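What's counted below: heavy atoms across the whole structure, side chains too, no hydrogens, waters or symmetry copies. Model, not experiment: these values are computed from the prediction.
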Amino acid sequence: MRCPTCKSDFDPTLTDTLPFCSERCRLIDLGRWLGEEHILPNFPDPDGDEKPENPIAENHSSSPEGDAL
Ligand SMILES: [Zn+2]
């Protein structure tokens with residue numbers, strides 16, 4: 001039988017924490033569920049309104065080298 005947490009094969013007759021191989025894996029899976037539930041509502045938004053100045057816009061002004069064309 002394969003443990004859904006650590007993905008390792010184990011003997012189901014040697015544990016009473018099925019379907020997990022051990023109490024540790026059972027708690028890890030439980031914590032994962034609770035963790036996701038806790039994280040989702042507070043998901044941070046990396047793409048805020050603030051954006052850094054665009055350096056290309058400044059280059060659009062007159063160039064000292066002049067346009068050869
Ligand atoms: Zn396991």
Side-chain angles (χ1 to χ4, degrees):
M1 181 162 186
R2 181 178 282 197
C3 171
T5 296
C6 64
K7 313 287 191 208
S8 64
D9 291 321
F10 68 98
D11 191 343
T13 60
L14 298 179
T15 179
D16 52 10
T17 57
L18 296 175
F20 306 100
C21 70
S22 66
E23 180 72 14
R24 195 177 74 93
C25 283
R26 193 174 71 86
L27 290 176
I28 288 174
D29 187 75
L30 181 68
R32 195 181 293 162
W33 271 93
L34 294 177
E36 283 178 15
E37 227 177 309
H38 202 69
I39 287 169
L40 279 176
N42 300 322
F43 196 74
D45 185 12
D47 284 324
D49 255 17
E50 289 184 60
K51 290 204 171 183
E53 286 182 49
N54 195 352
I56 294 171
E58 284 182 54
N59 265 347
H60 198 58
S61 57
S62 62
S63 55
E65 302 292 326
D67 291 330
L69 298 172

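Every residue was checked against the side chain to side chain donor-acceptor pair (under 3.5 Å) condition with D9, not counting sequence neighbours, and none meets it. Residues that satisfy the side chain to side chain donor-acceptor pair (under 3.5 Å) test with T17, not counting sequence neighbours, are T15. For T5, there are no side chain to side chain donor-acceptor pair (under 3.5 Å) partners at least two apart in sequence or on another chain. For D11, the side chain to side chain contact (heavy atoms under 4.5 Å, CB included) partners two or more places apart in sequence, or in a different chain, are T13, L14.
Clustering of Ile, Leu, Val, Met, Phe, Trp and Tyr side chains at separations under 4.5 Å places M1 together with F10, L18.
Contacts classified as salt bridge (charged side-chain N to carboxylate O under 4.0 Å, His left out) and involving residues 13-28 (residues at least two apart or in different chains) are given here: E23-R26.
When all heavy atoms of F20 and P4 are compared, the pair lying nearest together is CE2-CG, 3.3 Å.
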